[in-house]
Participant: 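I have a structure here, written as structure tokens, and I will follow up with some questions on it.
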Amino acid sequence: MDYKNIIYTLENGIAKIEINRPKAFNALNTETNNEIEDVVDAITDDPEVRVLIITGNEKVFVAGADVTELADADPRGAYDNCSLAHRIFKKLEALHAPVIAAICGPTLGGGLEMALSCDFRISGESGLFGLPEITLGIIPGAGGTQRLTKLIGASRAKELVMLGNRIDAQTAKEYGLVNLLVKDEEVMAEAMKMADRLCKKPAVALKFAKECVNFGANMDLDTGLEFEKSRFSLAFNTADQKEGMKAFIEKRKPEFINK
Ligand code: DAK
């Protein structure tokens, strides 16, 4: 598939999706959503892909869904649109590889919802976060009411969801929405640094760790602990577990083979 609205690259295990609709502030239209889903489908379970970085440009991450497309939807169309958004962002969230959102500028509506489906968010000082749907007479429909609440708590989430507040990067950092706050010009370098660190981790254990945290966030403790038990024991089926523990005992750095 040729991409018109995104730029996709894969280099040294690090995949990158750059949203590229600058004239519309990177708003997510149907074509862009399809392209993102196509990449996510193509790289799912691909062992070559160790990390995915999603980014925009130096001015904007994503200004939400393309309002011009959404404006004429009827309830059936909106329902389908919502289902599509849930499907894409769940696939993104479940990707075997860690996903980093590298953010500058407005990260609104569907843009924030996409960032919330990532494992880590690195923001520049220009980062601006919000769910402005309420100002359009609707509510967030790509997971925002759920994922934001789980991440920062109901009280703070309601500031964005109900009041339509837009928060700056510093506030987003204080809320725990952003993992790392850096200067705009350092965002991509920091994302690459984090990606390099993640590439050095044993891939199978890393996948299990991600699965456990994501699964547990949506489960009661006992169910989460059962899941942890299954993945913990499965990790002992990997060469990297043998190597990691042997290296520790021999007081040397492990050489993981991601198996
Ligand atoms: N849609 C379409 N065009 C947009 C846009 C958007 N969301 N955001 C900006 N633009 C366009 C503007 O219309 C303008 O176009 P021209 O007039 O130049 O033709 C251009 O980008 C520049 O915008 P501004 O003139 O407003 O520039 P400013 O610097 O003053 O402000 C801004 C930038 C990003 C802060 C502002 O434009 C803004 O607040 N934008 C709207 C934010 C918003 O309401 N977002 C939509 C929320 S609803 C789904 C995924 C997600 C969703 C649904 C489905 N699937 C995966 C299926 C989620 C729904 C939403 O996100």
Side-chain angles (χ1 to χ4, degrees), residues 1 3-6 8 17-42 44 52 54-95 99 101 103-118 121 123-149 151 157-169 171-172 177 184:
M1 185 176 185
Y3 300 129
K4 276 184 16 203
N5 306 281
I6 64 171
Y8 173 68
I17 295 175
E18 197 178 321
I19 313 294
N20 187 34
R21 287 191 79 214
K23 284 194 186 130
F25 259 67
N26 281 350
L28 299 173
N29 62 355
T30 305
E31 206 174 43
T32 311
N33 292 326
N34 289 340
E35 292 180 6
I36 294 169
E37 185 173 33
D38 189 72
V39 169
V40 174
D41 284 343
T44 292
L52 171 65
I54 301 186
T55 194
N57 57 48
E58 65 285 350
K59 265 179 69 182
V60 61
F61 181 68
V62 168
D66 193 318
V67 178
T68 58
E69 251 191 27
L70 271 187
D72 293 328
D74 59 12
R76 178 73 231 185
Y79 185 89
D80 290 345
N81 192 284
C82 192
S83 304
L84 177 70
H86 289 175
R87 186 181 80 208
I88 297 175
F89 292 163
K90 274 173 83 172
K91 283 184 189 177
L92 184 62
E93 191 173 46
L95 194 73
V99 185
I103 294 166
C104 284
T107 303
L108 303 172
L112 176 53
E113 291 169 303
M114 184 162 70
L116 287 166
S117 308
C118 300
R121 285 152 293 278
S123 178
E125 286 163 345
S126 67
L128 179 71
F129 302 85
L131 293 170
E133 285 86 345
I134 196 75
T135 66
L136 300 171
I138 58 169
I139 65 167
T145 62
Q146 304 304 302
R147 290 196 179 91
L148 185 66
T149 305
L151 190 64
K158 284 175 182 169
E159 294 172 11
L160 282 78
V161 175
M162 296 172 69
L163 287 167
N165 284 4
R166 296 179 183 204
I167 58 171
D168 62 18
T171 309
L177 172 52
D184 278 5

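Side chains are part of it too, since the values below use all heavy atoms of this structure and drop only hydrogens, waters and symmetry mates. Note that ligands are numbered from 1 as they come in the structure, with each ligand's atoms numbered from 1 the same way.
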Participant: Less than 4.0 Å between atom 25 (O) of ligand 1 and some protein heavy atom, yes or no?
Facilitator: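 No; the ligand atom in question lacks any protein heavy-atom contact below 4.0 Å.
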
Participant: Would you mind finding which of Gly109, Gly64, Ala27, Pro132 brings a heavy atom closest to atom 43 (C) of ligand 1?
Facilitator: Pro132

Participant: How close does the nearest protein non-hydrogen atom get to atom 1 (N) of ligand 1, and which residue and atom is it?
Facilitator: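 Here the closest protein heavy atom is Val67 N, 3.0 Å.
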
Participant: Between Ser117 (side chain) and Glu113 (backbone), is there a donor-acceptor pair under 3.5 Å?
Facilitator: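 Side chain of Ser117 to backbone of Glu113, a donor-acceptor pair under 3.5 Å: yes, one is there.
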
Participant: With a sphere of 6.0 Å drawn around CD of Glu93, does it hold more than 12 non-hydrogen atoms of other residues, nucleotides or ligands?
Facilitator: yes

Participant: Any idea which protein heavy atom is nearest atom 47 (C) of ligand 1, and the distance to it?
Facilitator: Leu136 CD1, 3.8 Å

Participant: For Glu113, counting its heavy atoms only, list the atoms of ligand 1 lying under 4.0 Å from any of them.
Facilitator: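 Near Glu113, meaning under 4.0 Å from one of its heavy atoms, ligand 1 has 58 (C).
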
Participant: If you draw a 6.0 Å radius around CG in Asp72, do more than 12 non-hydrogen atoms from other residues or ligands fall strictly inside?
Facilitator: no

Participant: How far is atom 51 (C) of ligand 1 from its nearest protein heavy atom, and which residue and atom name does that atom have?
Facilitator: Gly110 CA, 3.4 Å

Participant: Which of these, Leu92, Ile54, Leu28, sits in a side chain to side chain contact (heavy atoms under 4.5 Å, CB included) with Ile36?
Facilitator: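 Exactly one option meets the side chain to side chain contact (heavy atoms under 4.5 Å, CB included) with Ile36, and it is Leu28.
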
Participant: Does any N or O in the side chain of Glu35 come within less than 3.5 Å of the main-chain N or O of Lys4, such that one atom is a donor and the other an acceptor?
Facilitator: yes

Participant: Between Thr30 and Asn33, is there a side-chain donor-acceptor contact under 3.5 Å, judged purely by atom types and distance?
Facilitator: no

Participant: Any heavy atom of Arg166 closer to ligand 1 than 4.0 angstrom?
Facilitator: yes

Participant: Please answer whether the main-chain N or O of Phe61 pairs with a side-chain N or O of Asn26 as donor and acceptor at a distance below 3.5 Å.
Facilitator: yes

Participant: Considering heavy atoms of the protein only, find what lies nearest to atom 18 (O) of ligand 1 and give residue, atom and distance to 0.1 Å.
Facilitator: Lys23 O, 4.7 Å

Participant: Name the one of Val39, Asn20, Ile17, Asn34 that satisfies side chain to side chain contact (heavy atoms under 4.5 Å, CB included) with Tyr3?
Facilitator: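 That would be Val39; it is the only one of Val39, Asn20, Ile17, Asn34 passing the side chain to side chain contact (heavy atoms under 4.5 Å, CB included) with Tyr3.
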
Participant: Within the structure, does at least one protein heavy atom fall under 4.0 Å of atom 37 (O) of ligand 1?
Facilitator: no

Participant: Any idea which protein heavy atom is nearest atom 49 (C) of ligand 1, and the distance to it?
Facilitator: Ala85 CB, 3.3 Å

Participant: Looking only at protein heavy atoms, identify the closest one to atom 10 (N) of ligand 1 and say how far it is in Å.
Facilitator: Ala24 O, 3.9 Å

Participant: If we count only non-hydrogen protein atoms and require a distance under 4.0 Å, does atom 7 (N) of ligand 1 qualify as touching the protein?
Facilitator: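 Yes, there is a protein heavy atom closer to it than 4.0 Å.
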
Participant: Scan the protein's non-hydrogen atoms and note whether one is under 4.0 Å from atom 30 (O) of ligand 1.
Facilitator: no

Participant: Under a 4.0 angstrom heavy-atom cut-off, which atoms of ligand 1 come close to Ala142?
Facilitator: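 Taking each heavy atom of Ala142 in turn, ligand 1 has 50 (C), 51 (C) under 4.0 Å.
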
Participant: If you round to the nearest 0.5 Å, how far is CD of Glu125 from CG of Asp184?
Facilitator: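 If I round to the nearest 0.5 Å, the distance is 6.5 Å.
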
Participant: For atom 45 (N) of ligand 1, grab the closest protein heavy atom and report residue, atom and distance to one decimal in Å.
Facilitator: Ala63 O, 2.9 Å

Participant: Only heavy atoms count here, so choose which of Phe61, Phe89, Phe25 is nearest to atom 34 (C) of ligand 1.
Facilitator: Phe25

Participant: Starting from atom 59 (C) of ligand 1, locate the nearest protein heavy atom and write down its residue, its atom name and how far away it is, to 0.1 Å.
Facilitator: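 Result for atom 59 (C) of ligand 1: Ala65 CB, 3.3 Å.
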
Participant: Using modelled atom types and a 3.5 Å cut-off, is there a donor and acceptor pairing between side-chain atoms of Arg166 and backbone atoms of Leu128?
Facilitator: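 No, the answer is negative, given that no donor and acceptor are paired below the 3.5 Å cut-off.
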
Participant: Please check if a non-hydrogen protein atom sits closer than 4.0 Å to atom 14 (C) of ligand 1.
Facilitator: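 Under 4.0 Å from atom 14 (C) of ligand 1, zero protein heavy atoms found.
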
Participant: Within the 3.5 Å criterion, strictly below it, is a donor on Ser83 or Asp80 matched to an acceptor on the partner's side chain?
Facilitator: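 Per modelled atom types, Ser83 and Asp80 side chains form no pair under 3.5 Å.
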
